[in-house]
Each structure stands twice: as C-alpha cells, then as structure tokens.
Protein chains: 2
Amino acid sequence: MDPDGTLAFASHDHAACRDGAMAHAEAVAEAKGLRLTPVRRRALEILLESHQALGAYDVLDRLAEEGFGRQPPVAYRALEFLVEHGFAHRIRRLNAFAACMHPGEAHVPVFLICSACNGLAEAPGAAVATALRQSAGPLGFRVERMSIEAVGLCPACQEGDE
Amino acid sequence: MDPDGTLAFASHDHAACRDGAMAHAEAVAEAKGLRLTPVRRRALEILLESHQALGAYDVLDRLAEEGFGRQPPVAYRALEFLVEHGFAHRIRRLNAFAACMHPGEAHVPVFLICSACNGLAEAPGAAVATALRQSAGPLGFRVERMSIEAVGLCPACQEGDE
DNA sequence: CTTGACTAGTTATCTTATAACATATTCCTT
DNA sequence: AAGGAATATGTTATAAGATAACTAGTCAAG
C-alpha cells in the first residue's frame with residue numbers, strides 16, 4: 001500500500017485507499033490480538049478521511065458528535081492506542097495525528113507537510129534513518145526513536161508559485 | 001565551535017563553551033545589524049547555561065525574576081527572535097528551545113535528545129538532509145524546512161544500562 | 001523635535017495535553 | 001456461571017504551551 005508515498009499527493013480513488021488501509025489495519029489488529037474497539041476504530045476512520053493531519057481536538061469533536069465521550073482523554077487515549085500500535089503517527093511539528101499508510105510494516109516515516117494545502121505524505125525513510133544513525137554514532141549516542149519531518153510545497157501547490 | 005556535536009555529551013569547560021557561543025552570537029548580530037537587546041541577550045544566556053532544551057515558560061520565569069516582563073509574549077518574542085536569526089533552535093518534540101552551537105554557520109541540525117538526562121546535542125545533518133531531499137524528490141515535493149530529532153541515550157546514560 | 005519602525009510591556013484568551021478518579025466491559029479462571 | 005483481574009471508557013479538573021490585540025516606550029533618520 002503506497003510504498004513510496006506517492007499516493008497522498010496524487011489524485012487517486014480515495015474511497016478505495018481508505019477502505020484498503022482500514023481493512024489492512026483490521027487484519028493487523030486481528031493478527032496481534034489487539035482490541036480495535038468502536039472509539040478506536042472510529043478515530044482511525046476519521047484520520048483516514050484525508051491525507052492531512054488532524055489535531056486531537058478535531059478528532060474529539062467528531063467523536064463527540066457521534067455519541068462518544070466529549071472530554072479530551074477520549075480522543076487522546078484512542079489516538080495513543082493507534083500510535084502505539086502503528087496505525088497512526090504523531091506529527092510533532094503540527095501537534096497532530098495522521099493515519100499510517102503502511103500499517104504492519106516496519107518503517108521509519110518521513111513526513112512531508114505541504115504548507116499551502118496541509119497535505120501530508122509519508123516518504124520512505126530508510127536511507128534517512130541510516131544517515132541519522134551514522135551522524136549520531138560518532139557521538140556515542142544510541143538512537144531509539146526519531147522524528148523526521150519536512151515542510152514545503154507539494155506538487156499541486158507549486159504550480160503558479162515558481 | 002563544536003562542529004561535530006561532540007561537546008554537549010562530553011565533559012568540558014562549559015564556562016568557556018558558553019562564553020564562546022555568546023561572543024560568537026554577538027559578533028554575528030553586530031555583523032548583521034541585529035539588535036541583541038537586554039531581554040534577547042539574557043534569554044540567550046539562559047539557554048546557554050546548559051546543553052538542554054528549556055521550555056518558553058522556564059525561560060520566562062528566569063526573565064521575570066530578573067525584572068523583565070512576566071507575561072508569555074515576553075519570552076516567546078525573545079525566543080522567536082533568537083530562532084529566526086539562528087541563535088537558537090526550537091525542538092518540536094520537546095516543545096522547547098535550545099541555544100544554537102553554531103551561530104552564523106548554515107547548517108541543518110540533527111538533535112539528539114537523551115531521554116535519561118535531557119541532554120541535547122546537535123549532530124551534523126548535511127548527509128541526513130541530502131537523504132531526506134532524495135526521499136522527497138520522487139514525490140515532487142519541494143522541501144523548505146525540516147526538523148530532524150532523535151530520542152535515545154547519550155554515552156553517559158548508557159552505562160549500567162546495557 | 002517629530003515621525004516611523006521597532007521593541008517591550010500588558011490583559012485576555014486559545015490550544016494542546018494530562019492527572020486522578022469512577023464506572024463499565026472483557027476475558028480468564030475456577 | 002461466578003469471581004476477580006485487567007482493560008477500556010467516561011468524567012471533572014487542571015496543567016502546559018502559545019498567540020491575539022492593544023498600549024506605551026525607545027531610537028535613529030530626516
């Protein structure tokens with residue numbers, strides 16, 4: 001599913017994209033014995049509606065409208081579950097969350113954030129991660145987690161802006 | 001000054017380290033015609049006291065104690081100035097700020113954050129930035145800014161933890 | 001010595017995130 | 001099927017981080 005991150009910025013059949021990601025996530029949850037409860041499932045569906053990051057309170061509003069709790073922990077806990085198990089990512093630069101486009105696959109995501117349309121893509125980060133470890137190695141630092149995020153312009157938003 | 005980021009995690013003469021960074025920053029400000037006013041200078045000195053990131057409110061408390069304003073914008077504006085002109089960096093993962101160890105030199109910083117002691121080092125990021133651009137290129141994304149941050153253990157905190 | 005740009009201060013408010021506790025659900029064990 | 005541990009959901013309250021909008025002081029150029 002979108003191994004090279006091209007989908008997010010290209011026009012595509014998003015209904016299929018979303019459904020595929022959802023099905024994939026469900027299969028992974030099933031396989032790992034994780035409880036994809038109604039709030040958690042719904043939170044993931046909400047994130048999957050677009051290739052953009054959503055703030056926790058945005059997700060919370062949506063959940064509350066649909067009969068779930070309306071207090072912050074409701075959203076934060078669902079999102080925490082999704083992030084912890086690899087169904088979603090936290091985008092630190094935006095204080096926001098986005099559905100993962102490769103659930104189940106080990107990967108270091110590189111987030112590309114379009115400053116014009118707020119679109120978000122996940123580029124492959126293996127090479128970046130390697131370079132980072134090589135940069136940290138000489139300092140004797142042991143890397144455990146990393147966040148790699150870039151802000152710029154997606155292909156569509158570069159037009160008329162050259 | 002600390003071109004390879006080794007200083008932060010190694011024991012060193014920090015008074016000289018701090019004074020050197022401050023002198024360097026002043027020279028750069030002078031050269032560029034920037035106004036390193038008392039609040040701004042003091043904010044930078046506070047950041048330079050340790051190789052750790054400080055929250056805006058931590059800096060604000062210190063500034064207030066010393067007779068500067070005690071409202072958030074006082075700290076945020078000073079920090080914004082420092083970041084904008086390359087005297088400090090914002091560490092998104094920590095919602096915090098840290099003095100730059102290479103003021104005046106163009107560089108992409110890679111932040112190494114020790115989860116045990118909160119130490120912070122700035123590793124060289126040229127190779128990482130190149131890898132990132134190569135990862136973003138095929139998607140047609142034009143990178144403008146990037147944040148590259150790693151969490152892990154510094155050399156000292158790895159001892160007795162292997 | 002006044003004008004315009006910039007700086008520093010204020011009040012007020014907004015956004016993001018977590019702590020602590022009560023209730024309900026699930027699921028394993030017997 | 002009942003008991004009990006673990007997990008999940010909900011609440012109230014508050015902490016932590018950030019910005020908008022306005023007022024007043026500073027300073028250098030004309």
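Since we're looking at a predicted model, the values are computed, not measured. Side-chain atoms are counted along with the backbone in the values below, which use heavy atoms only and exclude waters and symmetry mates.
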A.B. asks: By nearest heavy atom, map B/Phe81 and A/Asn95 onto DNA chain C; which one lands nearer the 5' end?
C.D. replies: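 So the residue in question is B/Phe81.
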
A.B. asks: Does the side chain of A/Asp58 reach to within under 4.5 Å of the side chain of A/Arg62, using non-hydrogen atoms?
C.D. replies: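 The answer is no; the side chains never approach within 4.5 Å.
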
A.B. asks: Ring of A/Phe81, cation from A/Arg40 - is the NZ or CZ under 6.0 Å from the centre and inside 45° of the axis?
C.D. replies: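 Satisfied, under 6.0 Å and within 45°.
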
A.B. asks: Can you measure B/Glu84 atom CD to C/dC6 atom P for me and round it to whole angstrom units?
C.D. replies: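 That distance rounds to 12 Å.
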
A.B. asks: Take atom CG of B/Leu60 and atom C1' of C/dT10, then tell me their distance rounded to the nearest Å.
C.D. replies: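 Distance check: B/Leu60 CG to C/dT10 C1' gives 13 Å.
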
A.B. asks: Are B/His89 and B/His102 an aromatic pair, judged by ring center distance below 6.0 Å?
C.D. replies: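 B/His102 vs B/His89: aromatic centres not under 6.0 Å.
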
A.B. asks: Report the distance from atom CG of A/Asp58 to atom P of C/dT16, rounded to the nearest whole Å.
C.D. replies: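 Whole-Å distance recorded here is 7 Å.
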
A.B. asks: May I have the distance from B/Leu63 (atom CG) to C/dT10 (atom P), rounded to whole angstrom?
C.D. replies: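 Taking atom P of C/dT10 as the reference, CG of B/Leu63 is at 12 Å.
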
A.B. asks: What range of DNA chain D does chain A touch, first nucleotide to last, counting atoms under 4.0 Å from its heavy atoms?
C.D. replies: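 Footprint of chain A along DNA chain D, 5' to 3': D/dT7 to D/dT12.
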
A.B. asks: On DNA chain D, nearest-nucleotide positions of A/Pro38 versus B/Arg35: which is more 5'?
C.D. replies: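 Looking at DNA chain D, the more 5' nearest nucleotide goes with A/Pro38.
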
A.B. asks: Does C/dA17 have OP1 or OP2 under 4.0 Å away from a side-chain N or O of A/Arg90?
C.D. replies: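 For C/dA17, OP1 or OP2 has a side-chain N or O of A/Arg90 closer than 4.0 Å.
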
A.B. asks: Would a distance-only check, ignoring hydrogens and angles, find a side-chain to backbone donor-acceptor pair under 3.5 Å from A/His24 to A/Gly20?
C.D. replies: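 Side chain of A/His24 to backbone of A/Gly20: no pair is present.
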
A.B. asks: Please indicate yes or no: is the ring centre of A/Tyr57 less than 5.5 Å from the centre of the six-membered base ring of C/dT16, with the two planes inclined by under 30 degrees?
C.D. replies: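 According to the criterion (under 5.5 Å, under 30°), yes, A/Tyr57 stacks.
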
A.B. asks: Whole angstrom is fine here: how far is it from CG in A/Leu36 over to C1' in C/dT26?
C.D. replies: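 In whole Å, C/dT26 C1' and A/Leu36 CG are 16 Å from each other.
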
A.B. asks: To the nearest angstrom, how far is B/Leu94 atom CG from C/dA17 atom C1'?
C.D. replies: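 Distance, rounded to whole Å: 15 Å.
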
A.B. asks: A/Arg40 or A/Gln71: which one's nearest nucleotide on DNA chain D is closer to the 5' end?
C.D. replies: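 By nearest-heavy-atom nucleotide position, the 5'-most residue is A/Arg40.
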
A.B. asks: Any carboxylate oxygen within less than 4.0 angstrom of a Lys/Arg side-chain nitrogen, looking at A/Arg18 and A/Glu49?
C.D. replies: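 No salt bridge links A/Arg18 with A/Glu49.
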
A.B. asks: For a 4.5 angstrom cut-off between non-hydrogen side-chain atoms, does B/Asn118 reach B/Ile113?
C.D. replies: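 No - every pair of side-chain heavy atoms lies 4.5 Å or more apart.
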
A.B. asks: To the nearest angstrom, how far is A/Phe68 atom CZ from C/dT25 atom P?
C.D. replies: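 It works out to 14 Å between those atoms.
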
A.B. asks: Could you tell me the separation between the CD atom of A/Glu80 and the P atom of C/dT18, rounded to a whole number of Å?
C.D. replies: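 Taking CD of A/Glu80 and P of C/dT18, I get 8 Å after rounding.
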
A.B. asks: Both A/Arg77 and A/Ala56 contact DNA chain C. Taking the nearest nucleotide for each, which residue is further toward the 5' end?
C.D. replies: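 It is A/Ala56, whose closest nucleotide lies nearer the 5' terminus.
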
A.B. asks: Would the distance check show the side chain of B/Ser115 and the main-chain N or O of B/Gly152 forming a donor-acceptor pair, the cut-off being under 3.5 Å?
C.D. replies: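 Between the backbone of B/Gly152 and the side chain of B/Ser115 there is a qualifying donor-acceptor contact (under 3.5 Å).
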
A.B. asks: Across the strands shown, which category fits B/Arg92 at heavy-atom distances under 4.0 angstrom: base, sugar-phosphate, nothing?
C.D. replies: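 Nothing, no heavy atom under 4.0 Å.
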
